[in-house]
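Just so you know, these numbers use all the heavy atoms, side chains as well, and skip hydrogens, waters and symmetry mates. None of the values given here were measured: they were computed from a predicted structure. Below, chain A is the first sequence line, B the second, and so on; all start at residue 1.
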Amino acid sequence: MEGFIPLMFACVDTGMDQEELNEMFTEYADKPSVFDNKEALTTNWNPDEILHRDDQINELASILAPALKGEDPSNVFIYGSVGTGKTLIARHVTGELGSVAQNQEADLDVVYVNCKMKKVSDTEYRLLAELAREMGEEVPNTGLSTDEVYSRFFDALKGQESVVIVVLDEIDALVKKVGDDFLYNLTRINDDLDDTRVSILGISNDVSFTDYMDSRVESSLCEEEMIFPPYNALELSEILEHRTNEGLKNGILEDGVISKVSALTASEHGDARKALNLLRVAGELAERGNEQNIAADHVDRAQEEIERNKIVETIRGQPKQSRLVLYTILRMLEDDDTDQVATGEVYSRYEEICSEAGESCITQRRVSDLISELDMLGVIKAKVISKGAYGRTRQISVDHSSKIQRQLKNMVEDRFYLA
DNA sequence: AGTCCACAGGAAGGGCAGGCGA
DNA sequence: TCGCCTGCCCTTCCTGTGGACT
C-alpha cells in the first residue's frame, strides 16, 4: 500500500491516461501471485493446528472449563513477550469453549477487548463503553460520566443468566496509562451480581506488569497465572513452515529463507508475529518486483520496509508539537553531523525553529515529555545520563539506517510545514 | 562530605473541543 | 441552550537525581 500511493500520484504527474491506468491494473490482476492464501501469513489467521503450545492450551482450557457447568472460572493472567501466541491461544480456547457451550446449550458469553486500541478502549471510559457495547448496550463515545457507563455495563450483565468471560488483551498498556481502579471494580463485580458470573482473562506483554498494580487487585486478578515462553529458532522454523505451506505457492521459497527469518526473530524474543510479517512482506516485495522466488535478499529489504512503515505510521498519529520536536532532533543530527544530542540543546534549537516557522513554543517540561513519548514509541532513543557538575540530561539518538533517517526527516518536514 | 548543575519527572490543574442529556 | 462529562495538550510548581567539582 505504501508504494501504491506515490504510484497513483505519478500517474497524474506524467499524464498517464485512463487507458494506460486500466492496462496497468489489468496487468497486475493477471500477474501470477506468489501467495496461495495470504491471510495465512497474518496474525489474524486461525490455523487449524497450533504448534508448540499444547501445554498452554490444555492449562487454559482446564482453568476455563468450569464455565460449561455454570460455575465461574478463576480469573487468569497470561504473560509473555510479543508474538508468543498469547492472543492466539486465548482466542482459540475461548472460541472452542463457546462452540461447546452452544452445543450443550450452556449459558456462556465471551467478550474480547484489546485495551490498546486507540480511540476504542485506551481509557477507562472507552474500555467500559466497549464492554457494555459488546454486551448489547448502547453507549455514546463521550458525554456520560464513567460511573454511568459502568452502571450500563453492570445492567447489561444483570440481564444475563450466564458466565461471562471478559478477555482484556494488552491490559498492561491501559493500567500503565490510567491506573488499576477499573480492574479493582471489574474483579469485584461478582459481589453485586446474582445470576451472572464474570471471569477475567488478562493478557500482558509485560512480565513485570504486576508491579504497577495494587496488591488487592493483583491477588484477585491473578488467581491463575500462565507464562508463555518465547519460541526458539527451531520452533519458529516449524511454525513458518506450517504457515507457508498454506500461504505460499509451492516451490516459491528459496532455500535458507525460513531459517534466516527464524534466526532473525528468535534472537529478538522469539516473536512469531514479526516472523510472519517478515515473510509476508518479503513475498509482497518479490511479487512487486515480478520475481518468481522469495530470496534471502527479500527478507533484508522486508525488514527495512517494516521498520520504515512502523515509524511512518507512528509519526502520522503524533500531534504537531511532537513532530516539530522530532524534526528538530533529526535536523540537528544531520546539520551538526553528530550521532547524539542532549535535551537542553534540542530545546534551544527547537525555539529557533519555532520562531523561523512562526509557530508557538511549548515549555521545556512539555518537550521533555514529548521526547519520552517518542522514545517509548521507538522513534528515537533517549538515555538519561549524568554529566556530574554539568547536570543531568538525556542523550538522544536515532537508531535507524541513514536512508530511513533521511526519509523520516523529509516526511516530518513535509507534514510540519505543508500540513 | 557537601555543593552544584541541568535537567528528569510527579502532581495538580487550566483551557479547549467534542459530545451527551435534560 | 446549558451544564456536565471526558480527552487532550499544555503550564506551573515542585522535588529528586547522579556524578563532577571543591
Closest to the side chain of T123(A), out of dA20(C), dG7(C), dT12(C), is dG7(C)
Is E356(A) salt-bridged to R331(A), cutoff N-O under 4.0 Å?
-> yes
On the ring face of Y231(A), is R53(A) found with NZ or CZ under 6.0 Å from the centre and within 45° of the axis?
-> yes
To the nearest angstrom, how far is R323(A) atom CZ from dC9(C) atom C1'?
-> 14 Å
Looking at R366(A), does any N or O in its side chain come under 4.0 Å of the phosphate oxygens OP1/OP2 on dC8(C)?
-> no
For dT6(C), does either OP1 or OP2 sit under 4.0 Å from a side-chain N or O belonging to T146(A)?
-> yes
Rounded interatomic separation in angstrom, taking CG from L324(A) and C1' from dC9(C) | 14 Å
Quick one: K383(A) NZ to dG18(C) C1', roughly how many Å, whole number?
-> 13 Å
Compare the minimum distances between each of dC21(C), dT6(C), dC9(C) and the side chain of Y125(A), then state the nucleotide with the smallest one.
-> dT6(C)
Atom-to-atom span, CD1 of I362(A) to P of dC10(C) - whole angstrom = 5 Å
Round to a whole Å and report the spacing from CD1 of I385(A) to C1' of dA20(C).
-> 12 Å
Is K310(A) salt-bridged to E307(A), going by a charged N under 4.0 Å from an acidic O?
-> no
Salt bridge present between E130(A) and R133(A) (N-O < 4.0 angstrom) = yes
On a plain distance test, is the side chain of S386(A) in donor-acceptor contact with the base of dG18(C) below 3.5 Å?
-> yes
Take atom CG in N103(A); do more than 12 heavy atoms of anything else shown fall under 6.0 Å from it?
-> yes
Could you state the atom-to-atom distance from CZ of F182(A) to P of dT6(C) in whole Å?
-> 16 Å
Any chance NZ of K260(A) has more than 12 other-residue heavy atoms, nucleotides or ligands included, within less than 6.0 Å?
-> yes
Starting at atom CD of Q321(A), determine the distance to atom P of dC8(C), rounded to an integer number of angstrom.
-> 17 Å
Sequence-aligned protein contact record of nucleotides 8-20 of chain B, with B where the base is within under 4.0 Å of a protein heavy atom and S where only the sugar-phosphate is | SBB-------BBS
Quick one: sort the Y150(A) and F154(A) rings into parallel, tilted or perpendicular, breaks at 30° and 60°.
-> parallel
Separation of E124(A) atom CD from dG7(C) atom P, in whole Å?
-> 8 Å
